[in-house]
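As C-alpha cells, the structure follows; a few thoughts come after it.
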Amino acid sequence: MSDPFDDFPGFEPAAPRAGGGIAACALAAMHGGAPDFLSALNPEQRAAVETTEGPVLVLAGAGTGKTRVLTARIAHILAQGLARPHQILAVTFTNKAAREMRERIGALIGGEAEGMAWLGTFHAISTKILRRHAELAGLKSNFTILDTDDQIRLLKQVLRAENIDEKRWTARTLAFLIDNWKNRGLSPKTVPAGEAGAFANGKGGALYALYQERLKILNAADFGDLLLETLRVFRENPDVLREYQGRFKYLLVDEYQDTNAVQYLWLRLLAQRQAGAANEITPAQKPNLCCVGDDDQSIYGWRGADVDNILRFEKDFPGAKVIRLERNYRSTGHILAAAAHLIAHNRDRLGKTLFTDGEDGEKPEVSGVWDSEEEARVIGEEIEQLQRKGHSLDQVAILVRASFQMREFEERFITLGLPYKVIGGPRFYERLEIRDALAYLRCTAQPADDLAFERIVNTPKRGLGEASLQIVHDHARRQRIPLMQAARILIETEELKPKQRSTFRALLSDFDRWASQIGQKPHHELAEQILEESGYTDFWKQDKSAEAEGRLENLKELVRSMEEFPDLGAFLEHVSLVMDADAADGGERVSIMTLHGAKGLEFETVFLPGWEEGLFPHQRSLDENGRAGLEEERRLAYVGVTRARRRAKIYFATNRRIHGLWQTTTPSRFLDDLPAAHVQVTENRASGSGYGAYAQSRFANMDAFGSRYDTPGWKRAQQNGPGGRAPRTIEGEVLGKSSPGSAFSPGDRVFHLKFGPGAVAAVDGSKLTIDFDKAGRKLVLDSFVEKKSS
DNA sequence: TTTAGAGGTATTTTT
DNA sequence: TACCTCTAAA
C-alpha cells in the first residue's frame, strides 16, 4: 500500500477538477465518440464495463482480458462522474495485482488514479479501516502486524505457559488451526465445539482464546485478525458499518474465486448499502458490486478459498447479471482446445468454453522421458534450440507442481550456462537478515514490540541467553508490561547477574539513543547507524560462510529501499503488509516457477514437466480432499496449459526420486483428459516401456473416481523403492519380483527399522497405522516398513 | 551459551 | 536424500 497513513478524504464529493484526464474523457463521451478504453473492448467486455448498476459477476476465462475489463470499468465509472475515486472500493488479493491495477487505471485516465484510496488488498484495506477504529477491537491504532513467524513464536509461549507437550501438539499445527478458523470467520467463541476439542485434548478453543488475549496485550494483530477484527467491528458497530456502506458507491473484486469465508462476509456486509436492520438486500438497494473471477482457475482451496462463493453468486445477490468472457486473446487453437477438453472433466464448474479466432498453431506436445534428469536435459536442449531460432528466453517458462522439482532444472541450466530465474523463491522480507534488521527498527520505533525484542536481544550473540531472558519475561508477565520496560526496571535490581545487567543496560541505552534520533535524521541513515552500532553488520562480516556476502548486500538493499518512504513508520507498515520487494533483473532469462506462481502470467512457450500420478495430481491432495482435491489439481493443470501462447510441452518421467528413493511412476491421468485430436504425442526413446500408449490406458474408459488410483500400476509405484539406487536396475528388479497387488492390508506383520515389529491396523493410501509391539500405535509411511512373511 | 548430532518430516503460498 | 528443529553435551 502506498499511502498507509493518508487521511480519510472527506465524504462530500470533491468539486471536479479541471484539466484532468477525466474531464477529457467525459467530453469525448458526450460527443458520441467513446473514449479509447471503451472502443477497444469486445461486446461482452463492454457490457461488463458499462453495466455499472447492480450486482455483476464477470466470469473471465484465462486470457480473456480480465484486468482490462476491471480497469476500464473503474475508468468508466470515473469518467461518467458516477463516483469520485475515493468512493470506489477495489479489492485484490496480492499487492502485485493492486499495483498493476493502479498503474493501468493511471494509464487510462491519468493522475486521477492516485485518488483511489481504497484500491488494495483485502488485508491492506482492512488494516486501514481497523487502524481507524482500533479501540473497538481492543487495540490501539498503532498496533503491530505479526507475520507467520511472530505468530508461531507467540503460540509457542502460549503452549509453554499452558504446559502443553510441544512435541505432540506443535505451535505450527495450532497456528494452522487458528488460521483456518479465522479464514472461516470464527472467533474463539464461535468455533464449533467438536473442532475446538481436536487439539491438545480439548484445549484448542481455549488456546485460541488465550492467544487472542496475548495479541491484545501486545497490541498486535495477525493476518487473520486484520479481516476478522474488521468484520467484528462492522458487526458490533452498525454506525461504523453504515459509514463505510455509504462511502463505497461501487465495489469491485478481483479473483473472486479465491475469496474465503471471512472475505466473503466482509464484502457482503459492505455491499449491503444502507439496507435496513435485516440482513436482506431489498431490490431497491442492490449493491453495485462487480466480482470478476474464473471458477476454473480456483487453485487456493487449501488456503481457505471457497469456490462456492463464486458458484453461489447469483443466489447471494439476486438479480445479478452474469457476463461470460470466453473470447481468448492469448493462446492458439490447439492449446485452447486441449485446455478446454481437460477442464471439462471437472464436475463443479459453472461452465465456459474458451474460443479464439486465431490460428490453430502447434499442438501441445506430450513426451515421456526416463527420469527427472533426462527431463531436465531434454527441456534444456529444447530451450537452447528455441534460443538459436531467436526466441526470447523471457518468453519461456517451466512450470512445476512442487518446488523440489526446480532444483534439477537449475542444476542443468547452470551447466548449460542457460540464464534462468526462479520466481517465488524466498521472499526478500522473509529472509533471516532482513527480519533481524527489521526487528531492530521495530524495537526502536515501537518499544513495546516484544516479539521483535526477543528476536534480536541476543542477535548478534551478546550473552543474553534463555536464562536471563526468562527473568525479564517473568517480570514483564507479572507486571503486564513490555519486555523492554521490564528490562529497564530489572537493571536497577540484583536479579540479573552483573554481566547480563550491564549488557542489558548498554543495549537499552543504545535503543534510547536511536529512538531519540527518530525524526532528527533521515530514517534510512538512522537504520544504517542502528545496524552498524548494534554490531549486526559486523556479525555478518565476520561470518565466513558463502551466504554472508549476499546477506550484507540484502541489508544494503533494505536501507536503500527505505529512502522511498516518508518515515520509519510508513516503511514498517509497508513491510508488514507487502512482504515483497521488486528484484531488478537484467537480461533475458527462462522463468522457473510453480504452477501456482504462474497464475495470471503468460509465456510464448511453456514447459510442463512432472505429469505423473502422485506428483501431479499430487497424492496428498487426493488423500486429503478426494474428488474436490482432484478437481483442484485439474484446474491447476488447466492454469498451466493456458499460460502458453504458442507452445505447450508436457512431460512425464517413468522414474522419479521422491524423498531420496527412486519410484517408478505412472503417467498422470490428466494426460488421458487431453483430446487426442489436439495433442501431439512424442514417442521418446527413453519411455521404452510402452507408456507412450497411455492414451488407451486402462484409465481411458473409467468414469468412477476412486478406482483410479488404486490400480496395480499405481500401487506398484507406491511400494517401489527401498533397496538400491541405480534406477535402471531397480526398475527391472522390482517389476520382476513384486507380485501385483501386494499392498499392505490390516493384519499384516511388518518390520520397521526404528520401531521394530508390529501389525498393520489400518491402511490409508500409503499411510499405515501400525500397532508396534514395543512402540505402540504409530502412523507411518509404507515405504518405511517391510512386510514380514508370517 | 554454543554447537554438534539426532530426529522427524517431506505440496501448492498470500497477506 | 536433505532439510530444519530441537536436545544433549562441552
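Below, read A as the first sequence line, B as the second, and so on, with proteins coming before strands; counting in each chain starts at 1.
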If you look at every strand shown and take non-hydrogen atoms under 4.0 Å, does [X] touch a base, only sugar-phosphate, or nothing?
X: A:Q263; result: nothing
X: A:R172; result: nothing
X: A:G224; result: nothing
X: A:L146; result: nothing

Nearest-angstrom distance from the residue atom [atom1] of [X] to [atom2] of [N]:
X: A:K499; N: B:dT1; atom1: NZ; atom2: P; value: 10 Å
X: A:E612; N: B:dT11; atom1: CD; atom2: P; value: 16 Å
X: A:L496; N: B:dT1; atom1: CG; atom2: P; value: 11 Å
X: A:L226; N: B:dT15; atom1: CG; atom2: P; value: 12 Å
X: A:I125; N: B:dT15; atom1: CD1; atom2: C1'; value: 13 Å
X: A:W302; N: B:dT11; atom1: CH2; atom2: P; value: 12 Å
X: A:M406; N: C:dA2; atom1: CE; atom2: C1'; value: 17 Å
X: A:N180; N: B:dT13; atom1: CG; atom2: C1'; value: 14 Å

Taking only the side-chain heavy atoms of [X] (C-beta and beyond), determine which of [options] contains the nearest atom.
X: A:L577; options: B:dT13, B:dT11, B:dT15; result: B:dT15
X: A:R620; options: B:dT11, B:dT13, B:dT2; result: B:dT11
X: A:T121; options: B:dT12, B:dT15, B:dT11; result: B:dT15
X: A:R407; options: B:dT15, B:dT11, C:dC3; result: C:dC3
X: A:T94; options: B:dT12, B:dT15, B:dT13; result: B:dT15
X: A:T594; options: B:dT15, B:dT11, B:dT13; result: B:dT13
X: A:N458; options: B:dT12, B:dT11, B:dT2; result: B:dT2
X: A:S621; options: B:dT13, B:dT11, B:dT15; result: B:dT11
X: A:H123; options: B:dT15, B:dT12, B:dA10; result: B:dT15

Could you measure between the two P atoms, the one in C:dT5 and the one in B:dT12, and give it in whole Å?
->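 Nearest-Å result for C:dT5 against B:dT12 at atom P: 15 Å.
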C1' atom, B:dT11 versus C:dC6: distance in rounded Å?
->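 The answer is 24 Å between these two C1' atoms.
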Of A:D150, A:L483, A:D147, the residue whose pairing with A:L451 passes side chain to side chain contact (heavy atoms under 4.5 Å, CB included) =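 By the side chain to side chain contact (heavy atoms under 4.5 Å, CB included) criterion, A:L451 pairs with just one of A:D150, A:L483, A:D147: A:D150.
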Return the set of residues passing ring pair (Phe, Tyr, Trp, His ring centres under 6.0 Å) with A:Y638 (not counting sequence neighbours), or none when no residue passes.
->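 Checked A:Y638 against ring pair (Phe, Tyr, Trp, His ring centres under 6.0 Å); zero matches.
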With sequence neighbours excluded, residues passing ring pair (Phe, Tyr, Trp, His ring centres under 6.0 Å) with A:H596 =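 Expected list: A:Y300, A:W302.
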Within 45° cone and under 6.0 Å: A:R131 NZ/CZ vs A:F143 ring =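 Output yes; distance and angle both within limits.
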Please tell me if the side chains of A:L441 and A:F571 come closer than 4.5 Å, counting only heavy atoms from C-beta onward.
->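 Of all side-chain heavy-atom pairs linking A:F571 with A:L441, at least one is under 4.5 Å.
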Ring stacking, A:F93 with base of B:dT15, under 5.5 Å and under 30°?
->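 Base of B:dT15: not stacked against A:F93.
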Considering heavy-atom distances to DNA chain B, does A:H618 or A:Q500 have its closest nucleotide positioned more toward the 5' end?
->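 By nearest-heavy-atom nucleotide position, the 5'-most residue is A:Q500.
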Can you pull every protein N or O that's under 3.5 Å from an N or O on nucleotides 6-9 of chain C?
| unit_1 | atom_1 | unit_2 | atom_2 | d |
| --- | --- | --- | --- | --- |
| C:dC6 | OP1 | A:K156 | NZ | 3.3 |

Syn or anti conformation of B:dT12, syn meaning chi within 90° of 0 |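 It is anti.
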Are A:W611 and A:Y651 near enough that their ring centres are under 6.0 Å apart?
->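 They do not qualify: ring centres at least 6.0 Å apart.
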Closest approach of A:R634 and A:N346, non-hydrogen atoms and distance?
->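 Of all heavy-atom pairs spanning A:R634 and A:N346, the closest is NH1-OD1, 2.7 Å.
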For the pair A:D348 and A:R627, find out whether any cationic side-chain nitrogen is under 4.0 Å from an anionic carboxylate oxygen.
->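 Here A:D348 pairs with A:R627 in a salt bridge, since their nearest N and O are under 4.0 Å apart.
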Would you sort out whether A:R407 and A:E410 count as a salt bridge (Lys or Arg N to Asp or Glu O under 4.0 Å), showing the intermediate values?
-> CA-CA 5 Å; A:R407 188 131 116 208; A:E410 288 196 62; over 6 Å; no
